[in-house]
Structures are given as structure tokens and as C-alpha cells.
Amino acid sequence: MSQQTWTAVDDYFNALLVPEDDALLSAAGDSDAAGLPAIQVAPNQGKLLHLLARIRGARRILEIGTLGGYSTIWLARALPDDGRLVTLESDPQYAAVAAANIARAGLDHIVDIRVGRAQDTLPVLAAEEAGPFDLVFIDADKPSNPEYLEWALKLSRPGSVIVGDNVVREGAVTDAGSDDPRVQGVRRFTELIAGHPRLTATTLQTVGSKGYDGFTLALVTG
């Protein structure tokens with residue numbers, strides 16, 4: 001199979017099941033125009049996050065890694081009117097683009113963008129007693145994934161869902177001797193989940209318009 005086939009299949013299903021409206025299309029387009037890296041989730045991946053949040057009945061969502069706000073829009077649309085989504089972004093330029101995209105989507109009343117290193121803003125959330133969050137989406141710098149997992153657990157409760165994106169790394173995750181800190185971050189993240197008494201999880205490999213990767217889905221059980 002080829003990338004061309006994977007993309008064509010995504011296009012087929014997306015056209016039928018995942019129509020993007022002007023807010024989503026503009027969010028992707030304006031992010032690209034602003035020079036943000038094209039690493040946001042694909043439309044079908046955004047819809048998956050949206051459905052997971054709805055299935056969970058989420059009222060509070062934490063997103064680690066905002067980028068241009070594309071996934072934020074998908075997640076926020078799963079919330080009730082009195083819900084809340086806190087999204088963390090280290091880059092002020094990215095956060096400004098995201099803020100405009102989220103406002104255009106009419107979601108700025110339930111989305112709280114925190115600018116700064118997540119390692120700095122996560123303790124603030126804990127001090128504010130912002131949690132517990134019903135769903136946590138981890139999609140930021142992979143070397144820090146183990147630390148993000150620990151904070152996700154501190155800010156969650158039994159029944160909370162944790163999703164970690166980009167964990168397969170085109171298969172590089174299997175290389176224990178890799179000198180790529182992103183690979184090592186994902187491996188440690190997975191090992192921590194596997195050994196944690198409060199978590200049960202699985203990982204799925206994915207192919208599609210974004211290439212070959214995968215995500216980890218974990219449930220907080222205790």
C-alpha cells in the first residue's frame with residue numbers, strides 16, 4: 001500500500017462522514033498561512049476525538065498542545081454550553097492563531113488558552129483545582145510525554161480518558177536503542193502506562209493522509 005492509497009481512502013470516508021465546515025477549513029488554512037507546521041490532526045482523527053469526548057459525556061477537557069486550534073475546535077464542540085476546555089500552548093504565535101480560529105468558531109466562551117510551557121502551566125491548573133478533567137489529549141513535545149502523563153493522572157479521576165497522539169513514529173517506537181528523544185519519550189510514556197495500577201490502555205496503529213503513526217487510548221480506573 002502507498003501513501004496515495006491511504007490518502008484516497010481518508011478522502012473517501014471523510015467526504016461521507018467527516019464534512020468540514022468553514023470554521024475548521026479556515027482554522028487549517030489560516031494556520032498554514034501563518035507558517036505553523038502542518039502537524040494538526042487529520043479531519044477523521046479530529047472527529048474521533050470529538051466522538052470520544054461525547055461518548056465519555058465530557059464536561060471538562062484538557063488539551064496539551066494547541067497548535068492552531070484545529071483539534072481544539074473538534075473537542076470543544078463535544079462539550080455542553082457550560083463545559084470547559086483548557087488548552088496549553090508554549091508558543092505565543094501559535095496561541096494567537098489558535099485564539100482567532102477558536103473565536104471564529106464561536107467557542108471562545110468555553111475554551112481557555114494558557115500560554116507557556118506545559119511544565120509551568122500544569123502546576124498552575126492543579127493549584128487552581130481546575131480538574132478533574134474527563135478527557136485529556138496529549139499532543140505536544142514527545143520527550144515530555146512521561147511528565148504530561150503524570151500530570152494527566154493528577155488532574156483526572158476514575159473514568160477519565162487519556163489520549164496520546166503520534167506514538168508509533170512510523171515504527172521507530174520499536175527501536176529501544178533509538179537516539180531520537182521523541183521515540184524515547186513515547187517509549188517511556190508507554191512503559192509508565194503499562195505499569196500503572198490506575199490505568200488500562202491500548203495502542204492502535206493508523207495509516208492515512210498523515211502517514212503511518214498511531215495513538216494510545218487509556219482509561220483511568222482507580
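The analysis underlying the following values was restricted to heavy atoms, covering all of them including side chains, and did not include hydrogens, waters or symmetry mates. Just so you know, residue 1 is the first one in the sequence shown, and it goes up from there.
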Any donor-acceptor pair under 3.5 Å from T174 side chain to G171 backbone
yes
Test your reading of the model: is there a side-chain donor-acceptor pair from E89 to the backbone of A96, 3.5 Å cut-off?
no
Going by side-chain heavy atoms closer than 4.5 Å, which hydrophobic residues are tied to [X], directly or by a chain of links?
| X | answer |
| --- | --- |
| L67 | L36, I39, Y94, V97 |
| V183 | none |
| L51 | none |

Go through the structure and list residues passing side chain to side chain donor-acceptor pair (under 3.5 Å) with [X], not counting sequence neighbours.
| X | answer |
| --- | --- |
| D32 | none |
| R157 | D134 |
| E128 | R114 |
| T5 | S2 |

Suppose we screen for salt bridge (Lys or Arg N to Asp or Glu O under 4.0 Å). Which residues come up paired with D108, at least two apart in sequence or across chains?
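None.
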Give every residue pair that meets the salt bridge (charged side-chain N to carboxylate O under 4.0 Å, His left out) criterion with at least one member in residues 57-74, sequence neighbours excluded.
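Sorted pair list: R59-D82.
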Pairs touching residues 211-222 that satisfy salt bridge (charged side-chain N to carboxylate O under 4.0 Å, His left out), sequence neighbours left out
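Not a single pair qualifies under salt bridge (charged side-chain N to carboxylate O under 4.0 Å, His left out).
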Do any pairs count as a side-chain hydrogen bond (donor to acceptor under 3.5 Å, both in side chains) and have a residue in residues 183-194, sequence neighbours left out, and if so which ones?
none
Sequence neighbours excluded, which residues qualify as side chain to side chain contact (heavy atoms under 4.5 Å, CB included) partners of L24?
E20, D21, Y70, I73, W74, R77
